[in-house]
There are 2 protein chains.
Amino acid sequence: MVKKSETSGRLDDAARAGWLYYVAGRTQDEIASSMGISRQSAQRLVSLAVAERLIKVRLDHPIAACLELANAVRNKYGLRQVDIVPSDPGAGAATVGIAEAAAAEIERWLKKTDPIVLAVGTGRTLKAAVDQLPAIECINHRIVSLTGNIAPDGSAAYYNVIFSMADAVKARHFPMPLPVLVTSAEERETLHAQQLVRSTLDMSAQADVTFVGIGELGIDGPLCVDGFLEKDEMMELMDNGAVGEICGWIFDSEGKLLDNPINERVASAPIPSRETSVVIGIGKGKRKMKAIKAAVTGHQINGLITDEEVAEYLLT
Amino acid sequence: MVKKSETSGRLDDAARAGWLYYVAGRTQDEIASSMGISRQSAQRLVSLAVAERLIKVRLDHPIAACLELANAVRNKYGLRQVDIVPSDPGAGAATVGIAEAAAAEIERWLKKTDPIVLAVGTGRTLKAAVDQLPAIECINHRIVSLTGNIAPDGSAAYYNVIFSMADAVKARHFPMPLPVLVTSAEERETLHAQQLVRSTLDMSAQADVTFVGIGELGIDGPLCVDGFLEKDEMMELMDNGAVGEICGWIFDSEGKLLDNPINERVASAPIPSRETSVVIGIGKGKRKMKAIKAAVTGHQINGLITDEEVAEYLLT
DNA sequence: TTTGCTCATGGGCAATTACTCAACCGTAAG
DNA sequence: CTTACGGTTGAGTAATTGCCCATGAGCAAA
């Protein structure tokens, strides 16, 4: 009781201070005196509210330039939905902006009243987006993971986003109790034949909407950084024309899935049908340009959330 | 074309600047140089984005709703201070939450360094609040009771809170050595003329801040339960339009003190001026709704601590 | 009880932001 | 051509905010 109530009491104070500051527009001095604390403490509470992600900021204006780019990209590649966020010239964090936009889009789907199946892939950008989600209750929806949640070392993979999502969203969650890569095509068959896995795979195939991160290849790409592939395996893949991956499925610059030993070992569910559902890819930045272009060219995805920089590249 | 596109172009710029500022977290200087404008112009664009409500800020915490309600109630009734605590739909205890909030507010006043006079009324809620107070030493302050401390049967009234307060707070205390109700207006005159009573009454009139419980009428209300009024007296009062009481002072649904024999026998000090001091009423729950609405409507109080349920009722 | 550690606090200061004011630009009316 | 006006700009300045640091309270281990 003591420790708990004190901690949450502090968060309550942070929320109150943050509200007074951002919503009511008071200065930190006013907040301090009205809450009976020092200005510095008020400042700390406000920044705590930000750090704890209690404060959500969203921009409610279609910036003309981004809208035009989005239209052009949608038409050129025949996508169902495109969101472009402004590029941040100063650069920096790879998920600034795009995470908020993706969160807004996820939220839009979750707020539907008709029950939906929402599938999620993996990736740092998607994780950042999910972290932006507010608390939502949507008990009618089901959320299913396309990718396994077990890393090469046997631990739960950090960037498996479905668990982060479960923190914020009250809906039924279906993780995929598999490694991301298995040792052989035969092992994959065996594992996928299990009843529990089978039903999750079936559900993912019925997804109404899917959010996936788009990963670039290279020794700095997620597959290597997270230890799924060795450096030399990666080099060989790239020599064979691989440029990107979604949920571990590796594709070439045409967006065709490669017919190689790695893809035979990917235990992820297939990317849901682009005919019957909306599959939204998320990614931005120079390093992902080629992968994104390939994904939209080969129709691995039919929706895209990215930034101006990538959008302009897609239009060249 | 010229005027229109320039205006919307300006809004676009504002949106972009606002995005860079709030979402990307860049400084106005950085925004200025990246957009090729002066720092002042960047600042203007950011504030324009706020003024045009392009920037939506949301606080993702249960307390946000309470703060919104508090603001609305404060504005609607012209109150100086409003605190709203979350309603606890499940639990029944009438003092859950509100007591802690009231205690925090009392503490805030007691921590002031300038000497103040703090007046207290009576009531179960106020008692519960005072029980939440930590030990404080504030020898510069004076605490004065508005109500008598003698019950109808001659015992010390349990819900006279000043004695509970004395347990926790080291400050000079001034109880009111009177019954709550006397037998006639004449007796009240006589008692109030006593030197000791006189000086306490004078002090209460100078209160900087006052905390009072708001009591509902009815045969289950405090005046009946504690034996101050008989059932038939209560029925008659209610027939005459009485809906609530503060320190025994009975008022109608407009918040006007009733001109009746009961009020002539109330020995409590008058409620301190709402012009010169802060008078904070405390109460929550369905049964007190009418009384609370009357009290704020008739400006018997200019501050309020209550719960969401009552706040919503006050706004209808 | 002492010691060492963590963490919240408030003071102080530098960075950042908001506001005021005079000047300026383009336009339209006289 | 002049004048008045609405709106914008940059400079300057006051207000506000972010951050570092010394301090002290609280607490657990010795």
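Reminder, nothing fancy here: chain letters follow the sequence lines and each chain counts from 1. In what follows, every heavy atom counts, from backbone to side chain, and hydrogens, waters and symmetry copies are set aside.
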Let's see if you get this right: which residues in residues 36-44 of chain A place a heavy atom under 4.0 Å from DNA chain C? A:Ser38, A:Arg39, A:Gln40, A:Ser41, A:Arg44
Considering residues at least two apart in sequence or located in another chain, which fulfil the side-chain hydrogen bond (donor to acceptor under 3.5 Å, both in side chains) criterion with A:Lys286? A:Glu309
For DNA chain C, which nucleotides open and close the run of contacts to chain B, 5' to 3', at under 4.0 angstrom from a non-hydrogen atom? C:dT17 to C:dT20
Is there a donor in the side chain of B:Gln28 and an acceptor in the side chain of B:Gln40, or the other way round, less than 3.5 Å apart? no
Looking at side-chain heavy atoms only, is the closest gap between A:Lys284 and A:Thr125 below 4.5 Å? no
Which atom names give the shortest non-hydrogen contact between B:Trp19 and A:Pro86, and what distance separates them? CH2-O, 3.2 Å
Measure the distance from OH on A:Tyr22 to P on D:dT16 and round it to the nearest whole Å. 16 Å
Round to a whole Å and report the spacing from CG of B:Leu48 to P of D:dT9. 11 Å
Could you tell me the separation between the CD atom of B:Gln28 and the P atom of D:dT16, rounded to a whole number of Å? 15 Å
Here the pair of heavy atoms bringing A:Ala42 nearest to A:Ile31 is CB-CG2, 4.3 Å
Looking only at heavy atoms, what is the nearest atom pair of B:Val144 and B:Ile162, with distance? C-CD1, 3.8 Å
Flag the pair B:Asp83 and A:Arg16 as a salt bridge only when some basic side-chain nitrogen lies within less than 4.0 angstrom of an acidic carboxylate oxygen. yes
Trace of the salt bridge (charged side-chain N to carboxylate O under 4.0 Å, His left out) decision for B:Glu30 with B:Arg26: CA-CA 6 Å; B:Glu30 294 171 310; B:Arg26 319 206 69 85; 3.7 Å; yes
